[in-house]
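The structure under discussion appears below in the form of structure tokens.
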Amino acid sequence: MNWLYVEELRNHIGEEVELRGWVWNMRSSGKIHFIQFRDGTGFVQVVVESSSNKPEVFERSSKLRIESSVIIKGKVMEDKRSPYGVEVHAYDVIPVQIPDEPYPISKKDHGIDFLMSYRHLWLRSRRQFHILKVRDAILTAIRQFYKDRNFTLIDTPIFTGAIGETAGNLFELDYFDYGKVYLTQTGQLYLEAACLAFGKVYNLGPTFRAEKSKTRRHLIEFWMHEAEVAYYEHEDNLKLQEELVSYIVKYVLQNAKDHLLALNRDISKLEKVEPPFERITYDDAIKLLQKSGSHIQWGDDFGGDEETMIASNFEKPVFVTHYPRKVKAFYMQPEPKRPEVVRCADLLAPEGYGEIIGGSQRIHDYQLLLERLEEFNLPKEKYEWYLDLRRWGSVPHSGFGLGIERTVAWICGLEHIREAIPFARTLYRIYP
RNA sequence: UCCGGCGUAGCUCAACCGGUAGAGCGGGUGGCUGUUAACCACUAGGUUGGGGGUUCGAGUCCCUCCGCCGGAGCCA
């Protein structure tokens, strides 16, 4: 007997197959059962007819209920009445487990609190299935993009002594006798070290921000992809980013289009995403905002509304470059002719999804970096290794970080980032 | 942390000016050979988030605590 997955059935019409999976819904008309079946690769309808089956087979299948696990033996039939194009006519139904209690997630609406409490079961629902399949495609695309360009994957540590961004948003832990360490906010400083050894490097992993953020675009634990390249300056950095983002979107359209369509995503907006992306300076962004009626002043950072307003002027993602150095991190390279701004860029996604990338050229001069550490009140001794990178073989270098969940939310068209990760860690939720 | 809203059956919600708790889904029983959130009939299911107060009477009004949702700040 040939054990097949649902995703393979279209190529096996007329064959007798075995399916192993779960019942996500049951309908019955007395002498005919319709089992809505899923196996982790897709969904298909299984038909069990009383007239063409042994009585015990039909009897066994009547006992199935939602989220029973079951092995089906049957024949694959083409059928235009089925939304999937094929269905399986069963001649044997073997229950693996039949639940004693009703399945908590019903076919009708649920509130988000209830669903998040049952996230471990909610993952089985079709919408969540499609979202996480797109997430998987995005992560595969990132790895493939760097493999094609011969970058080296460098896994950066989760425990860190040095601070990447700003203090105050760090999760603090006791590390034996050493004292306090922090959960990483970014692997960037370590990638900078690695890029001076390997030239072109990237990472992909979880990061943590102890921010009491309560918005649709924040998680406490989120995944970030970062890249860092030696000898890259500002414009090289932007080019890499627009190529990466375009590659991801194209890859998803080629490999996970059905999932996007199942999510009712407007594909036409994603099809426009290809290099080059527009670049707009912070100065011009401020003018644009003021023209639209905002009271923002030069020197202010943007909030979610400002980002949405700026991005709404563009169909593709847009770079906002050269922010005032006071609103950005200590390591960013100043623009030589205008030292009050830095060589950085945020990439804003269209359709109100906000910042998906933050990047910059890094300071490579020892003296300047030392001044900035003092200016930001960072303890020099913890950064000695980072200063070493400017003592030996220092070169201009640039990099960026891309938020995975925000990218998933944008590409899938989600209303809230909590659906973009299998088990979201939000402000007051750690269960399940 | 601040601002706003909500908390009634397992779930999603209703209940007028304060007058004594109701529907759909889910569950159970029965029916139905093409269902698509199947349908039809019957049926079980409630200390209205906790505590206190006002009142002849509180799901409804007041105080307080807890929980959740939305937004702001911060940020990817």
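Every chain is numbered from 1 and lettered A, B, ... according to where its sequence line falls, protein lines coming before strand lines.
- Residue contacts shown for A/Glu221 are absent, as no nucleic acid heavy atom lies under 4.0 Å away.
- Counting only residues at least two apart or in different chains, ring pair (Phe, Tyr, Trp, His ring centres under 6.0 Å) contacts with residues 52-77 of chain A comprise A/His33-A/Phe58.
- Contact annotation for A/His89: base contact, defined as any heavy-atom pair under 4.0 Å involving a base atom.
- Applying a 4.0 Å cut-off to non-hydrogen atoms, the residues of residues 339-361 of chain A that approach RNA chain B are A/Glu355, A/Ile356, A/Ile357, A/Gly358, listed by residue number.
- At a cut-off of 3.5 angstrom, counting only N and O atoms as typed in the model, there is no donor on one side facing an acceptor on the other between the side-chain of A/Ser50 and the base of B/U33.
- For A/Gln36, taking side-chain heavy atoms from C-beta onward, the closest of the listed nucleotides B/G70, B/A72, B/U35 is B/U35.
- Helical stems in RNA chain B, defined as runs of 3 or more consecutive Watson-Crick or G-U wobble pairs with donor-acceptor distances under 3.5 Å: B:1-7 with B:66-72, B:10-13 with B:22-25, B:27-31 with B:39-43, B:49-53 with B:61-65.
- Rounding to whole angstrom units, CD1 of residue A/Ile66 and P of B/G28 are separated by 10 Å.
- Residue contacts for A/Thr207: at a heavy-atom cut-off of 4.0 Å it reaches no nucleic acid atom on any strand shown.
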Show each protein N/O and nucleotides 3-9 of chain B N/O combination with a separation under 3.5 Å, one pair to a line.
none

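- Looking at A/Gln144 and A/Asp148, their side chains do bring a donor and an acceptor atom within 3.5 Å of each other.
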Every protein N/O lying under 3.5 Å from an N/O of nucleotides 12-14 of chain B:
unit_1, atom_1, unit_2, atom_2, d
B/U12, OP1, A/Gly111, N, 3.0
B/U12, O4', A/Asp109, O, 3.2

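- Residue pairs that meet the side-chain hydrogen bond (donor to acceptor under 3.5 Å, both in side chains) test with at least one member in residues 300-314 of chain A, sequence neighbours left out, are A/Arg217-A/Glu307.
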